[in-house]
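See structure below.
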2 protein chains.
Amino acid sequence: MGRGKIEIRRIENTNNRQITYSKRRNGIIKKAKEISVLCGAHVAVVIFGSSGKMHEYCSPKASLVDILDQYHTQCGKRLWDAKHENLSNEIDRIKKANDNLQMQLGHLKGEDVTSLNYKELMVLEDVLENGLACVRDQKVSLSKVSKKL
Amino acid sequence: MGRGKIEIRRIENTNNRQITYSKRRNGIIKKAKEISVLCGAHVAVVIFGSSGKMHEYCSPKASLVDILDQYHTQCGKRLWDAKHENLSNEIDRIKKANDNLQMQLGHLKGEDVTSLNYKELMVLEDVLENGLACVRDQKVSLSKVSKKL
DNA sequence: CGAACTATTTATAAGTT
DNA sequence: TAACTTATAAATAGTTC
């Protein structure tokens, strides 16, 4: 619709793409408003431009949440359950990472070392010696600075 | 667009309303596809006609869940129910705990010690010395055991 | 009836300022 | 650059089959 016909393919020129995006976004939202008034339809439109900025439209008297509830009820795709599952999995994952860190930390502090074999103890000893050296170096550095002041 | 201009107000004739709904719904979804291709936008459209039947469009490579996640991130509105909110909060909490553990672990290994003050360094030194002592004791214990065998 | 048709309106691509 | 203009493409209201 315009001075020239365009192919429906990505507009490579960034500026033109931005202009077209803004115009067409307004167009879609206008159409969404119209169909909701003309036909009493419930409509939700969410658009993210390539810049990441969001625009939304939702027909009057219905929040996006309402529309999505309706979506959930109707289509049986279990939108929320899927989301829930993802979150639960993430929690499990992080908790495991956490436990692992706790254990490492405990070993460094000398806790539960009886569960380690000789080789592991040697590695641990090296790490601790190295840490101790760094800490002592830093103490020395700080002492020098405070003497200068 | 059409043989005659129409007011944007509810179409009272059920049949005409249904026809217009169907035509315009297709129109909106076509436009949504076009903007996603032309501009690389992410778009989600959910429409319920007055009959209650649902239609949706979601731009390729992004599920409705993804788009809603993005929505959630951007606008901070409470799209998810309390359960999900709790899960999200838990994730944040555990992640923070995790970061804290990572930092402690780093310090024990001698990383980023320059961010510590003298008092903190002394505490750290004590912890490390204690840990080292435990580890060495354990090494000795293991040696004794292996000699006995 | 729903699919196809067209006269018109509307949206918009490109141009202009 | 963004807002305005205009020629043209696209959408669609009413109609036909």
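Below, chains carry the letters A, B, ... as their sequence lines are ordered, and counting in each starts from 1.
Contact check, B/Lys31 against C/dT12: a side-chain N or O comes under 4.0 Å of OP1 or OP2.
The base of D/dG14 sits within donor-acceptor range of the side chain of B/Lys23, with an N or O pair under 3.5 Å. One N or O donor and one acceptor, one from the side chain of B/Arg3 and one from the base of C/dT6, sit under 3.5 Å apart.
Distance, A/Gln18 CD to C/dA13 P: 13 Å, rounded to whole Å. Distance CG (B/Asn26) to P (D/dA10): 17 Å, rounded to an integer number of Å. Taking atom CD1 of A/Ile35 as the reference point, atom P of C/dA11 lies 14 Å away to the nearest angstrom. We find that CG of A/Asn16 is positioned 10 Å from P of C/dA13, with the value rounded to whole Å. In this structure, A/Ile8 atom CD1 and C/dA11 atom C1' are separated by 13 Å, rounded to whole Å. B/Lys30 places its NZ atom 18 Å from the P atom of C/dT10, with the value rounded to the nearest Å. Computed from coordinates, the B/Ile19 CD1 to D/dT15 C1' distance equals 11 Å when rounded to whole Å. One atom, OH of A/Tyr21, and another, C1' of D/dA2, lie 18 Å apart when rounded to the nearest Å.
For the atom pair NZ of B/Lys96 and CD1 of B/Ile94, the computed distance is 12.5 Å after rounding to the nearest 0.5 Å. Annotation: the span from A/Gln138 atom CD to B/Leu116 atom CG amounts to 7.5 Å, rounded to 0.5 Å. For the atom pair CE of B/Met54 and CZ of B/Arg25, the computed distance is 10.5 Å after rounding to the nearest 0.5 Å. How far NZ of B/Lys139 is from CG of B/Leu132: 9.0 Å, rounded to the nearest 0.5 Å. In this structure, A/Gln18 CD and A/Ser51 OG are separated by 6.0 Å, a value rounded to the nearest 0.5 Å.
When distances run from any side-chain atom of A/Ile6 to the nucleotides C/dT9, C/dA13, D/dG14, the shortest one goes to C/dA13. Listed candidates were D/dT1, C/dT10, C/dA13. Nearest to the side chain of A/Thr20 is C/dA13.
If A/Lys5 and A/Leu38 are placed on DNA chain D by their nearest nucleotide, the residue sitting closer to the 5' end is A/Lys5.
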